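The next block holds one structure in the form of structure tokens; read it before the comments.
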There are 2 protein chains.
Amino acid sequence: MMLRDEQLSAGQIAERFVISRPAVSRHLRVLRDSGLVRDELVGRRRFYVLRAEPLTDLTDWIAGLTRPAGWEHRLDALETEVYRARRDHRDRAPAAPSPRRREDTA
Amino acid sequence: MMLRDEQLSAGQIAERFVISRPAVSRHLRVLRDSGLVRDELVGRRRFYVLRAEPLTDLTDWIAGLTRPAGWEHRLDALETEVYRARRDHRDRAPAAPSPRRREDTA
DNA sequence: CCGACGCGTAACCAACAGGTTACGCTTCCG
DNA sequence: CGGAAGCGTAACCTGTTGGTTACGCGTCGG
């Protein structure tokens, strides 16, 4: 998936869309200002990579919509353990920008 | 949480917002047409209740953003079990506030 | 039966979103 | 050093969003 598995430059990202480069640049700025991507300037190229951590708040909120009141507390506890294990591992794993399989473009 | 745990009428929902009632009504129509709420006309009141099932696609998509490629397969499998258990229980549980569903009016 | 209530939609308007072209800044290569 | 490349922003324009008020329809109670 774009930017999750590999960093891409603004031009490479723009190539995958039919809209103009300045339009893509505007979107990237919104994403950067929201903290959803991180950018790094290398020469005249600016590389972007996904920062998905802020999405956990969103996922939690949506999960609150689907979670019936009162029930499934035990399953919730288990899910929390799963989540914690995942986060613990992520904190230890090195952030290697190692390009892998290319995801579909929406 | 509003509409997840209890059905509310349009007026009761509108009371919880500062915007005008017609504005709330417009939002409710968008939610109804999207399948995110279900409404039932009782006399001159229209009651709404959340239908969160369509959100699972969204949650899955967002999870795909946060899931690093390759890793956490075992945790994913566990999470799938949690999800399945939850769904199995939901399919068996009686739909407690069972208002009869009315077709869209639009 | 009539007035009140609940509530949805039409029409209007302002703000915003999201595209474009033009331009400018920085970096880099010949 | 100058031209090319990469890329971000300004300015502009159009369509959409999202609020408002006014109004109308269906239901209900006196």
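Owing to the predicted nature of the structure, the values given are computational and were not obtained by experimental measurement. Convention: sequence-line order gives letters A, B, ...; per-chain numbering from 1.
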Inset, instruction - Please assess Val24(B) against Ser20(B) for the test side chain to side chain contact (heavy atoms under 4.5 Å, CB included), listing each intermediate value before the final yes or no. - result: CA-CA 7 Å; Val24(B) 173; Ser20(B) 64; over 6 Å; no
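- With rounding to whole Å, Gln12(A) atom CD is found 13 Å from dC7(D) atom C1'.
- Closest approach of Leu3(B) and Tyr48(B) over heavy atoms only: CD2-O, 3.3 Å.
- A donor-acceptor contact shorter than 3.5 Å links the side chain of Arg4(A) to the backbone of Gly64(B).
- In this structure, CZ of Phe47(B) is placed 13 Å from C1' of dC5(C), rounded to the nearest angstrom.
- Counting only heavy atoms from C-beta outward, the side chains of Leu65(A) and Leu50(B) approach each other to under 4.5 Å.
- Look at CD1 on Ile13(B): it is 9 Å from P on dC7(C), rounded to the nearest Å.
- The phosphate of dG8(C) has OP1 or OP2 within less than 4.0 Å of a side-chain N or O from Arg46(B).
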Legend entry - Footprint string (nucleotides 19-30 of chain C, 5' to 3'): B base within contact, S backbone only, - free, heavy atoms under 4.0 Å: BBBB----BB--
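- Protein atom CG of Leu8(B) is 15 Å distant from nucleotide atom P of dG6(C), rounded to whole Å.
- Under the 4.5 Å side-chain criterion, counting only non-hydrogen atoms from C-beta, Arg16(A) is in contact with Leu8(A).
- Between Tyr48(A) and dC7(D) there is no side-chain N or O to OP1 or OP2 distance below 4.0 Å.
- Remark: the backbone N or O of Gly35(B) is paired with a side-chain donor or acceptor of Arg51(B) at under 3.5 angstrom.
- Of the side-chain N and O atoms in Arg29(A), one or more sit less than 4.0 angstrom from OP1 or OP2 of dT9(D).
- The separation between Leu31(B) atom CG and dG8(C) atom P is 12 Å, rounded to whole Å.
- Note on Ser9(B): a side-chain N or O is less than 4.0 Å away from OP1 or OP2 of dC7(C).
- When the C1' atom of dC7(D) is taken as reference, atom CD of Glu15(A) falls 13 Å away, rounded to whole Å.
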